Amino acid sequence: MISQKMLKLGQQSSVIRAISEYGNKRKKEIGAENVYDFSLGNPSIPAPEVIGDTLKELLDTMPPCALHGYTSSAGSMEAREAIAAHIRARFGAPADGAHIYMTCGAAASLTISLHALLNEGEEVVVPAPFFPEYRVFVEKAGGKLVPVPCHQPSFQLNLEAMAEAITEKTKVVLLNSPNNPTGAVYTRESLEALAELLKKKEGEYGTEIFLLTDEPYRELYYGEGLLPWLPSVYDRTVVGYSYSKSLSLPGERIGYIFVSPTCPDAELVFAAVCGAGRSLGFVCAPSMWQHLVTRVQGVTSDVEEYRGNMQILAGALSEMGYVVTPPEGAFYLFVKALEEDAAAFCERAKKYELLLVPSDSFGVPGFVRIAYCVSRETIEKSLPAFRKLMEEYKK
Ligand code: PLP
């Protein structure tokens, strides 16, 4: 008999995918311009021009066997050193290529890291709401996901609740800031307080607790300055990064894992990352894209388009009476559903061709996620539909 666990996973499509597939069907029926599809977090702005130029240059100048051949399992040392140099320059923090593992995007960064860190039955504490695939990744690695609701409506960390949830079984605290689905950015103060809490809990239980930080949205930040570099806040940190959103390259599958050299036993943690990558078959991330990122460190897509979308949509929805959490990053708006059952609300929204994602699979009921990484025209044309939806509930 085949694996029933995997069969179940393969047969249950994610809620987000199901809505997006409905959207594709609807677009064929009534025309794409008449469907307001806010389901997927697929970047709507093109990769910066330098990406195409660099790619052409690589194709023109690199011997094909070098460009397309295997790199070492952890990735090309040139790419890893370039990333480390960028981290040192940007954050003033220690970094070296020997502690970086190239991956196929954030999903692989997470699955590899979780397999490297977890033993059977150990717990992963995650602030809720969270990216739904976390549950799949944690359970596949033998762990147990322990969601801890954030404060509402700010969706900032609830440190008292986290303190209660962290036990001797906790091995990892998994953070994602800027956050999918809320767009919240955890404050430096709360991250520093969390670091203190983890140290205290480690002392109390005589255990090791890792901070695993999932950072595909690091560059999509609308505030001033830099977001805190978590390895400078807490030593036992592993960073999972991805270029999917920051360079609008989600289909190319490129990212990395950074084990902080400040992490106690960093060599052993990195060796476990290499072992996990090997056991999962995630070795030698796409070679051409490793060569590309080597040459474009510090380049990011222009997030102004997203900021504009967010301001128009958040402003208009608030004015209509929707309760909107003002996002500070990523490209999602988290909005209170107009009835308790968010899935029922999303069904009603479909009447107006609005495709929204109910929050239940993100671990929090009663909200919807609106992925505003769409054209400005879609944002503007969708506003009357949002208004009609609100009017229906007011009746
Ligand atoms: N983590 C979060 C929070 C995400 O939102 C996503 C994708 O949307 C991923 C991980 C996976 O990213 P990638 O496409 O780089 O694997």
Side-chain angles (χ1 to χ4, degrees), residues 13-20 37-45 47 51 75 83 101-115 124 126-138 140-141 145 147 150 155 157 172-186 211-221 227 230 238-258 277 280-282 285-286 289-290 292-293 300-301 303 306 327-334 357 359 361-364 369-374:
S13 95
S14 87
V15 177
I16 302 172
R17 288 276 160 199
I19 297 169
S20 155
D37 185 354
F38 295 106
S39 62
L40 279 189
N42 212 0
S44 55
I45 54 180
I51 300 299
I83 292 166
Y101 189 99
M102 301 303 296
T103 64
C104 296
S109 298
L110 288 167
T111 46
I112 295 172
S113 302
L114 289 165
H115 275 83
V124 177
V126 62
F130 55 86
F131 181 50
E133 293 303 279
Y134 287 174
R135 188 177 293 285
V136 179
F137 298 162
V138 167
K140 167 70 182 63
L145 194 78
C150 282
F155 292 100
L157 298 178
V172 174
V173 171
L174 173 52
L175 294 186
N176 167 228
S177 172
N179 181 263
N180 173 10
T182 62
V185 171
Y186 302 142
L211 202 54
L212 174 56
T213 163
D214 177 26
E215 306 206 341
Y217 301 101
R218 168 171 282 279
E219 269 52 74
L220 276 64
Y221 173 51
L227 292 176
L230 279 166
V238 175
V239 179
Y241 189 81
S242 164
Y243 296 93
S244 295
K245 322 281 174 168
S246 63
L247 286 178
S248 301
L249 295 173
E252 306 302 351
R253 317 306 302 139
I254 191 75
Y256 62 83
I257 296 166
F258 172 79
L280 293 164
F282 274 143
W289 294 94
Q290 290 192 50
L292 182 122
V293 300
T300 54
S301 294
V303 301
Y306 295 140
E328 287 186 274
F331 41 44
Y332 306 105
L333 214 54
F334 209 52
V357 179
S359 61
S361 62
F362 297 98
V364 167
R369 187 190 79 171
I370 302 176
Y372 57 81
C373 43
V374 296

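The structure displayed is predicted, hence computed values, not measured ones. In listed order, ligands and their atoms are each counted from 1. Atoms considered below: every heavy atom in the structure, side chains included; atoms not considered: hydrogens, waters and symmetry mates.
- Although no hydrogens or angles enter the test, the distance criterion places a donor-acceptor pair under 3.5 Å between the side chain of Asn176 and the main chain of Asp214.
- The ring of Phe334 has its center closer than 6.0 angstrom to the ring center of Phe155.
- For ligand 1, the 4.0 Å heavy-atom shell contains residues Gly105, Ala106, Ala107, Phe131, Tyr134, Asn176, Asn180, Asp214, Pro216, Tyr217, Ser242, Ser244, Lys245, Arg253.
- Classified by interplanar angle (parallel below 30°, tilted 30° to 60°, perpendicular above 60°), the ring pair Phe331/Tyr306 is perpendicular.
- Counting all heavy atoms, side chain and backbone alike, Glu133 lies closest to Ser14 at OE2-CB, 4.5 Å.
- Aromatic rings from Tyr217 and Tyr332 are positioned such that their centres are separated by under 6.0 Å.
- Using bins of under 30°, 30° to 60° and over 60° for the plane-to-plane angle, the ring pair Phe130/Tyr134 lands in the parallel bin.
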